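Shown below is the structure under consideration.
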Amino acid sequence: MHNATLLSTAREVLSRTRLLLLAGGSSSERDGSLADRNALLPYLQKLCRSVDVVDTNDVDHLIRAVRQCDFVLSIVYGAGGEDGTMQGFLDILRVPYSGPSTLPSAIGMNKEIFVSLLRGLGYPVPYGCLVTALGDPQSWPRELQQSRVLVLKPINEGNSLGIKILDGRAAAAEAITRIEPTDRSNWRLEEFINGPFGTVGIFQVGLELIIGDAVLFDLPDGWRFYDNRLKLKSVGERATPRILHGPAAERIRDDVLRLYSQLNCKGLVRFDFIYNDGAPVYIEANTLPGLYPGSNVALSFDSTFSFEDLLTLSTAAQIPGQLK
């Protein structure tokens with residue numbers, strides 16, 4: 001379905017579209033959102049009838065611009081943009097927008113709810129729990145007791161921000177004591193899953209789900225997990241991407257096709273996992289994945305689409321009644 005004719009139609013759709021690009025916001029991912037805005041603008045200005053750019057912190061401009069656009073493309077990452085807040089606002093105004101609706105966005109943003117839901121659906125996920133449920137380390141769940149390495153992570157942060165890798169229960173207990181008691185419900189302690197980080201992108205055109213390659217990232221020596229410095233290439237070292245093939249790739253493909261529908265997703269979504277002993281362990285759904293040339297979601301589709309074609313097709317496909 002993703003052929004020259006369909007891409008031509010998608011370009012025609014965007015050429016008629018007054019697009020509103022939302023960026024910025026107030027979360028810890030604001031700077032990344034603004035950087036992606038700068039990377040996207042040349043493409044969108046070329047593709048669309050018009051492009052208005054709004055920082056969601058400017059509420060008056062936001063309300064005026066939403067009323068005058070045909071479609072909202074949001075790259076407001078993190079709290080306030082990716083967690084259902086902005087989606088609910090746009091739903092009230094009945095303006096079509098990119099990415100999943102309010103509930104899938106909230107589920108994808110909250111790592112505790114996401115992992116609990118996937119476990120209930122039968123997918124492999126890390127064992128863990130909210131730190132508010134923990135007392136003496138001797139009372140921790142068996143899986144955490146047996147894990148020599150533990151992960152302490154904020155449940156509502158993206159881009160690997162705030163994650164701590166801790167050696168042993170004593171170190172984990174000490175890290176928890178440093179969290180303000182009123183903030184502990186926002187942190188999850190879980191087992192450390194050893195293996196390369198993996199990701200795969202997916203979006204829908206009409207009735208067809210289009211899925212990218214499962215991409216693994218081999219870490220440089222001395223790195224224990226794929227953190228935001230490696231993702232943003234802000235250090236001298238690099239994680240090396242490679243496409244996963246074979247039965248494991250087919251399993252991930254099947255899982256993600258089901259998950260996209262089970263979570264009632266729409267738009268371009270990225271699922272992240274750790275590749276452990278030949279199988280995936282799912283850790284997160286990115287309902288507004290980083291969107292720029294060379295981003296992880298772009299790498300997932302690199303064997304199929306140029307970045308411009310991916311942006312064109314995945315955006316036009318979300319404008320109601322245009323691509324079928």
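Just the heavy atoms: all of them, side chains too, but no hydrogens, waters or symmetry mates, feed the values below. Nothing here was measured: the structure is a model prediction, and the numbers come from that model.
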Open item on the list: Running the 4.5 Å side-chain criterion over Ile, Leu, Val, Met, Phe, Trp and Tyr, what cluster does V59 land in, apart from itself?
Closed with: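 Hydrophobic cluster check, V59: joined to L20, L22, V54, L62, I63, V66, V72, V76, M86, F89, L90, L93, V95, Y97.
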Open item on the list: Applying side chain to side chain donor-acceptor pair (under 3.5 Å), can you list everything that pairs with R49, at least two apart in sequence or on another chain?
Closed with: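 R49 satisfies side chain to side chain donor-acceptor pair (under 3.5 Å) with no residue once adjacent residues are dropped.
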Open item on the list: Salt bridge or not between R30 and D55? Use side-chain N to carboxylate O under 4.0 Å.
Closed with: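 So R30 pairs with D55 through a salt bridge.
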Open item on the list: Hydrophobic cluster membership, with links at side-chain heavy-atom distances under 4.5 Å among I/L/V/M/F/W/Y: are V215 and I202 in one?
Closed with: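 Cluster IDs for V215 and I202 differ.
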Open item on the list: Looking at R94 and D91, is there a salt bridge between them, counting it only when a charged N and a carboxylate O are closer than 4.0 Å?
Closed with: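 No, no charged N to carboxylate O under 4.0 Å.
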Open item on the list: Would you say CD of E180 has more than 12 non-hydrogen atoms from neighbouring residues, nucleotides or ligands within 6.0 angstrom?
Closed with: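 No - once you tally the heavy atoms of other residues, nucleotides and ligands closer than 6.0 Å, there are 12 at most.
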TODO: Over 60° means perpendicular and under 30° means parallel, so classify the ring planes of Y282 and Y123, tilted if in between.
DONE: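 Perpendicular: the ring planes of Y123 and Y282 meet at over 60°.
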Task: Pairing residues for Q45 by the side chain to side chain donor-acceptor pair (under 3.5 Å) criterion, not counting sequence neighbours - done: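 Here no residue qualifies.
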Open item on the list: Please enumerate all residues that pass side chain to side chain donor-acceptor pair (under 3.5 Å) together with T315, with sequence neighbours excluded.
Closed with: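 With neighbours one apart ignored, the set is empty.
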Open item on the list: Is there a path of hydrophobic side-chain contacts, each under 4.5 Å between heavy atoms, that joins V13 and L310?
Closed with: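 Cluster IDs for V13 and L310 match.
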- [ ] Taking only Lys NZ, Arg NE, NH1 and NH2, and the carboxylate oxygens of Asp or Glu, determine whether D255 and R251 approach each other closer than 4.0 Å.
- [x]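 So D255 pairs with R251 through a salt bridge.
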Task: Pairing of D309 and R11 as salt bridge, 4.0 angstrom limit - done: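 Salt bridge between D309 and R11, a charged N being under 4.0 Å from a carboxylate O: yes.
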Open item on the list: Can you tell me how the ring of Y43 sits relative to the ring of F307, calling it parallel under 30°, perpendicular over 60° and tilted otherwise?
Closed with: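 Y43 and F307: perpendicular rings.
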Could you list the donor-acceptor pairs under 3.5 angstrom formed by side chains in residues 268-275, with sequence neighbours left out?
residue: R270; atom: NE; partner: T199; partner atom: OG1; Å: 2.9
residue: R270; atom: NE; partner: D272; partner atom: OD1; Å: 3.0
residue: R270; atom: NH2; partner: D272; partner atom: OD1; Å: 3.4
residue: R270; atom: NH2; partner: D272; partner atom: OD2; Å: 2.8
residue: D272; atom: OD1; partner: T199; partner atom: OG1; Å: 2.7
residue: D272; atom: OD2; partner: N286; partner atom: ND2; Å: 2.8

Open item on the list: Which residues pass the side chain to side chain donor-acceptor pair (under 3.5 Å) test with N264, not counting sequence neighbours?
Closed with: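 If we apply the side chain to side chain donor-acceptor pair (under 3.5 Å) test to N264, skipping adjacent residues, there are no hits.
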Task: Atom of W187, atom of I155 and distance for their closest heavy-atom approach - done: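 Looking at all heavy atoms of both residues, the closest pair is C-CG2, 4.0 Å.
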- [ ] Answer yes or no: is there an ion pair linking E308 with K46, defined by an N-O contact shorter than 4.0 Å?
- [x]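 Salt bridge flag = yes for K46 with E308.
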